[in-house]
Participant: 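Please find one structure pasted underneath; my questions will follow.
Letters go in sequence order (proteins before strands), and every chain restarts at 1. Both backbone and side-chain heavy atoms feed into the values below; hydrogens, waters and symmetry mates do not.
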Amino acid sequence: IQFTRHAGDVLLNFNRLRSRNLLTDVTVQVDGQIFHAHKAILVACSGFFYSVFMKPENASLSAISLDPKVDPKGFSLLLDFMYTSFLNLNDSVALTTLNTAIYLQMEHVADTCHRFIRSRH
Amino acid sequence: IQFTRHAGDVLLNFNRLRSRNLLTDVTVQVDGQIFHAHKAILVACSGFFYSVFMKPENASLSAISLDPKVDPKGFSLLLDFMYTSFLNLNDSVALTTLNTAIYLQMEHVADTCHRFIRSRH
Amino acid sequence: EGIVPTVKEPGRSIHLIPRD
């Protein structure tokens with residue numbers, strides 16, 4: 001028996017845990033802004049975080065600082081995407097979101113950003 | 001932009017992490033059998049685990065033993081359900097799965113088990 | 001702000017973690 005709503009319900013609950021800062025096990029610092037998250041979600045969604053946290057010496061890292069060039073706005077949008085399935089693109093954020101997605105090795109999202117930008121020209 | 005596959009893709013990756021025992025942060029002991037899991041998935045799916053891990057004093061528990069009456073077969077099925085959306089019911093496991101779902105406070109799954117049992121009579 | 005239409009993207013959203 002497949003519960004077709006299950007995966008979406010789980011993700012929703014994860015987002016609720018995040019908003020209440022429950023069971024979050026890593027803080028990500030981006031240009032001075034702090035984001036709380038669940039390592040497993042980051043690893044599930046991003047090739048960058050997968051390669052960071054799969055190194056045995058990083059497994060128990062509880063804080064990570066991203067390259068200073070990464071835009072916190074782009075990161076925030078992508079973090080929301082990871083936890084909700086929704087990517088809130090518009091003309092003003094599309095390029096920074098694309099660049100952040102490339103940095104985070106989120107190829108499918110980067111492709112979508114790229115197509116969005118092309119379609120808007 | 002809504003990525004309609006996203007929640008399922010995340011859950012599949014979580015199941016891959018579980019099968020490789022990566023980022024698992026709790027072991028659940030059931031009648032001598034050990035199961036590795038991600039606390040956040042347990043909390044997202046089970047009212048029982050939610051109430052256990054939401055207590056501040058339990059937040060950093062890394063091992064938990066369930067009541068000896070809980071059947072490891074039922075637990076294993078429900079754990080697989082949590083990580084896959086699929087509940088593999090059949091006549092021989094339906095009752096124990098129902099009882100385990102009640103114990104874990106997984107109401108929708110318990111209802112489904114109950115309807116399955118009734119439909120088989 | 002007005003209603004922004006949601007575009008559905010049916011393709012894969014994230015990488016697939018390998019089995020091993």
Participant: Identify which part of A:V43 has an atom lying under 4.5 Å from any heavy atom of chain B, answering side chain, backbone, both or neither.
Facilitator: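 Only the side chain of A:V43 comes within 4.5 Å of chain B.
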Participant: So what's closer than 4.5 Å to chain B heavy atoms on A:L17: side chain, backbone, both or neither?
Facilitator: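 Just the side chain, heavy atoms under 4.5 Å.
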Participant: Output the option from B:S60, B:A40, B:G8 having the highest count of non-hydrogen pairs under 4.5 Å with chain A.
Facilitator: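 Sorted descending by pairs with chain A, the first entry is B:A40.
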Participant: Should we count CD of B:E107 as having more than 12 external heavy atoms under 6.0 Å?
Facilitator: no
Participant: How long is the gap from NE2 on B:H38 to NE2 on A:H38, to the nearest 0.5 Å?
Facilitator: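 Answer rounded to 0.5 Å: 12.0 Å.
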Participant: Please look at A:R20 and chain B and tell me whether the side chain, the backbone, both or neither of the residue comes under 4.5 angstrom of a heavy atom of that chain.
Facilitator: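 Just the side chain, heavy atoms under 4.5 Å.
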Participant: What closest approach, in Å, do A:A44 and B:N13 show between heavy atoms, and which atom pair accounts for it?
Facilitator: O-ND2, 2.8 Å
Participant: Tell me, yes or no, whether the heavy-atom count around A:R120 atom CZ, taken from other residues, nucleotides or ligands under 6.0 Å, exceeds 12.
Facilitator: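 Counting neighbours around CZ of A:R120, 12 or fewer heavy atoms of other residues, nucleotides or ligands fall under 6.0 Å, so no.
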Participant: Go through the atoms of B:L23 and report whether side chain, backbone, both or neither lie under 4.5 Å from a heavy atom of chain A.
Facilitator: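 Side chain of B:L23 only, per the 4.5 Å heavy-atom cut-off to chain A.
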Participant: What part of A:L12 is in contact with chain B, defined as an atom under 4.5 angstrom from a non-hydrogen atom: side chain, backbone, both or neither?
Facilitator: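 No part of A:L12 comes within 4.5 Å of chain B.
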Participant: Can you confirm whether A:Q2 sits close enough to B:T84 that some side-chain heavy atom of one is under 4.5 Å from a side-chain heavy atom of the other?
Facilitator: no
Participant: Which one of B:T24, B:N88, B:I41, B:L89 has the most heavy-atom pairs closer than 4.5 Å to chain A?
Facilitator: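 Max contact count across the listed options: B:I41.
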Participant: Give, for atom NE2 of A:H6 and atom CG of B:L87, the distance between the pair rounded to the nearest 0.5 Å.
Facilitator: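 Answer rounded to 0.5 Å: 10.0 Å.
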Participant: Indicate the atoms forming the closest heavy-atom contact of A:A7 with B:S85, along with that distance.
Facilitator: N-OG, 3.9 Å
Participant: Drop me the distance from B:L11's CG to A:D9's CG, to the nearest 0.5 angstrom.
Facilitator: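 Going from the CG atom of B:L11 to the CG atom of A:D9 covers 11.0 Å.
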Participant: Is the ring pair B:F3/A:F81 parallel, tilted or perpendicular, if the boundaries are 30 and 60 degrees?
Facilitator: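 B:F3 vs A:F81 ring planes: perpendicular.
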Participant: With a 4.5 angstrom heavy-atom cut-off, is it the side chain or the backbone of B:T112 that approaches chain A, or both, or neither?
Facilitator: side chain
